[in-house]
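A short worksheet on the structure shown next.
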Protein chains: 2
Amino acid sequence: MQSFTEENYLKIIYHLSDKTATVQTNAIAEQIQTKPASVTDMLKKLSEKGLVDYVKYQGASLTAKGRDAAIKVVRKHRLWEVFLVDKLNFKWDEVHEVAEQLEHIKSAALVERLDSFLGFPKIDPHGDPIPDKNGKFEDATFTKLIELSVNDFGTITGVSEHSSPYLKHLEKIGLTLGKQIKVVAITEFDGSLEIIYNDTTVNVSREVAKHILITKLHE
Amino acid sequence: MQSFTEENYLKIIYHLSDKTATVQTNAIAEQIQTKPASVTDMLKKLSEKGLVDYVKYQGASLTAKGRDAAIKVVRKHRLWEVFLVDKLNFKWDEVHEVAEQLEHIKSAALVERLDSFLGFPKIDPHGDPIPDKNGKFEDATFTKLIELSVNDFGTITGVSEHSSPYLKHLEKIGLTLGKQIKVVAITEFDGSLEIIYNDTTVNVSREVAKHILITKLHE
DNA sequence: ATTAATTTTTAGATTTGTCTAAATTAAAAG
DNA sequence: CTTTTAATTTAGACAAATCTAAAAATTAAT
Ligand SMILES: [Mn+2]
Ligand SMILES: [Mn+2]
Ligand SMILES: [Mn+2]
Ligand SMILES: [Mn+2]
């Protein structure tokens, strides 16, 4: 059984592993809001527990056991987010902080019954896939909005940034999950994108477009 | 903002205060599963924070601020128990441990929305009153089953022991919340009570009867 | 009022997770 | 291939919460 703190490290390492095979000390420190020296200490501990593979100065990666544990935390985080939005009427920008706490509640029965109560949802309020009981899930192949070209179109199926200010901004300009969008122009000056959905046109900065995930539609 | 641990101390002191005005170090230690020396340390800390009144060797009591904090924890504990039973189909003997964790989740919005989602329940699955948003609740005047005499009758409205083995036992012999019962005899030999409800007669040991709370009916 | 038993507190150590400052190692630049 | 820079690790300290063993205070018993 892992501590609250250990679970946070495993989860962060898991998320950072999406991009690179081996995760650096400084990257973990930044995500977890701590100092590199503290990360080194924890990596040694997690390594001794058989949860991460760690070689001095070379970074860390999750073992099978560590990945299982991390996925369980992610599953709980996303199920609780669905609960908060679907059942308690929270907005999608209000749930992340509370889910950060709820994800550490220890009770296998609770997770399974919550999952059932919610109707076995496949994605959370930000479009992220929810691992099932066995940790399995389909990691959809997203394209970032910023990578689209003029005349490309598709559906908004996720966001890779969960902060409240960011999500509130998307809400305000109408770019929420499920919206069909099309890129009509890319501004020469600042690289921002001109997007059309329904009959509305909005301008999206590169910084914002970076975190919007699109499922491209063809033809 | 209190730590997880501080909240547990406040809650225990609150519960122990029901019986006596000032709470002893050893009593807290026993409830919280720790050593008296640790309790002394914590009492000093809570005293400095203005949450308890504490005089060396004299025991402790909650300040108004401490009681407010304790009641907030109790409110959360009981609301979560209602959620687990009413929405997730847990049995009344399965919820206490999980609620011990959930009661420490920090989010005012979550508590209020959960309360609303549950329909503003007044009592939890064990018959305990749920404090409202402002910490107010009616503490009903219960009579312990063990204090009844032959021919006394009433309704089971609560239990003062939340452990799974105890609650499972009550379930098995049919003594659940809301049942109308009558004492038909008290056994000379061991003081156990002969109880009748509907058309069933059951024998209840003194140890079991001690924790069953009755609302007496007259005439 | 002494003595004995119980309760409570202190003193000093331990564990978990963190930090700062200094020392190493690895990577980048020249 | 040195030198410089950046990343990482060690060493030593610290805060929170706990423990054991010993000392002190309170309460109960003679
Ligand atoms: Mn989240
Ligand atoms: Mn999410
Ligand atoms: Mn309970
Ligand atoms: Mn209860």
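Letters go in sequence order (proteins before strands), and every chain restarts at 1. Values below: every heavy atom of this structure, side chains too, minus hydrogens, waters and symmetry copies.
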Practice prompt. Check the surroundings of atom NZ in B/Lys35: do more than 12 heavy atoms from other residues, nucleotides or ligands lie under 6.0 Å from it?
Written response: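 No, because the 6.0 Å sphere around NZ of B/Lys35 holds 12 heavy atoms or fewer from other groups.
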Discussion item. Around atom NZ of A/Lys133, are there more than 12 heavy atoms from other residues, nucleotides or ligands closer than 6.0 Å?
Written reply: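 No, the 6.0 Å shell around NZ holds no more than 12 heavy atoms from other groups.
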Is the phosphate of [N], meaning OP1 or OP2, less than 4.0 Å from a side-chain N or O of [X]?
X: A/Ser3; N: C/dT16; answer: no
X: A/Asn26; N: D/dA6; answer: no
X: A/Thr40; N: D/dT10; answer: no
X: B/Tyr57; N: C/dT6; answer: no
X: B/Lys56; N: D/dA24; answer: no

Find the distance [X]:[atom1] to [N]:[atom2] and express it as a whole number of Å.
X: A/Glu7; N: C/dT16; atom1: CD; atom2: C1'; value: 15 Å
X: B/Lys49; N: D/dA15; atom1: NZ; atom2: P; value: 15 Å
X: A/Gln33; N: C/dT18; atom1: CD; atom2: P; value: 12 Å
X: B/Tyr9; N: D/dA16; atom1: OH; atom2: P; value: 14 Å
X: B/Leu46; N: D/dA16; atom1: CG; atom2: C1'; value: 13 Å
X: B/Leu43; N: C/dT9; atom1: CG; atom2: P; value: 7 Å
X: A/Glu30; N: D/dT8; atom1: CD; atom2: P; value: 12 Å
X: A/Asp41; N: D/dA13; atom1: CG; atom2: C1'; value: 13 Å

Item to complete: Give B/Ser38 one of three labels, base, sugar-phosphate or nothing, depending on what nucleic acid heavy atoms sit under 4.0 Å from its own.
Response: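 Counting heavy atoms under 4.0 Å across all strands, the contact made by B/Ser38 includes a base.
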Worksheet item: When we call it a touch if two heavy atoms are under 4.0 Å apart, what does A/Phe4 touch: a base, just sugar-phosphate, or nothing?
Response: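 Nothing, no nucleic acid heavy atom in range.
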Ignoring the backbone of [X], work out which of [options] is nearest its side chain.
X: A/Ala37; options: D/dT20, D/dA11, C/dT10; result: D/dA11
X: A/Gln24; options: C/dT18, D/dT9, D/dT8; result: D/dT8
X: B/Tyr54; options: C/dT7, D/dT8, C/dT9; result: C/dT9
X: B/Met42; options: C/dT18, C/dT10, D/dT18; result: D/dT18

Worksheet item: Mind checking whether A/Phe117 and B/Phe83 have parallel, tilted or perpendicular rings, split at 30° and 60°?
Response: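 Ring orientation of A/Phe117 relative to B/Phe83: perpendicular.
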Fill in: Pair A/Glu147 + A/Lys210, salt bridge at N-O below 4.0 Å
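No, this pair does not count.
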Worksheet item: Quick one: do B/Lys11 and B/Glu100 make a salt bridge, cutoff under 4.0 Å?
Response: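 Yes.
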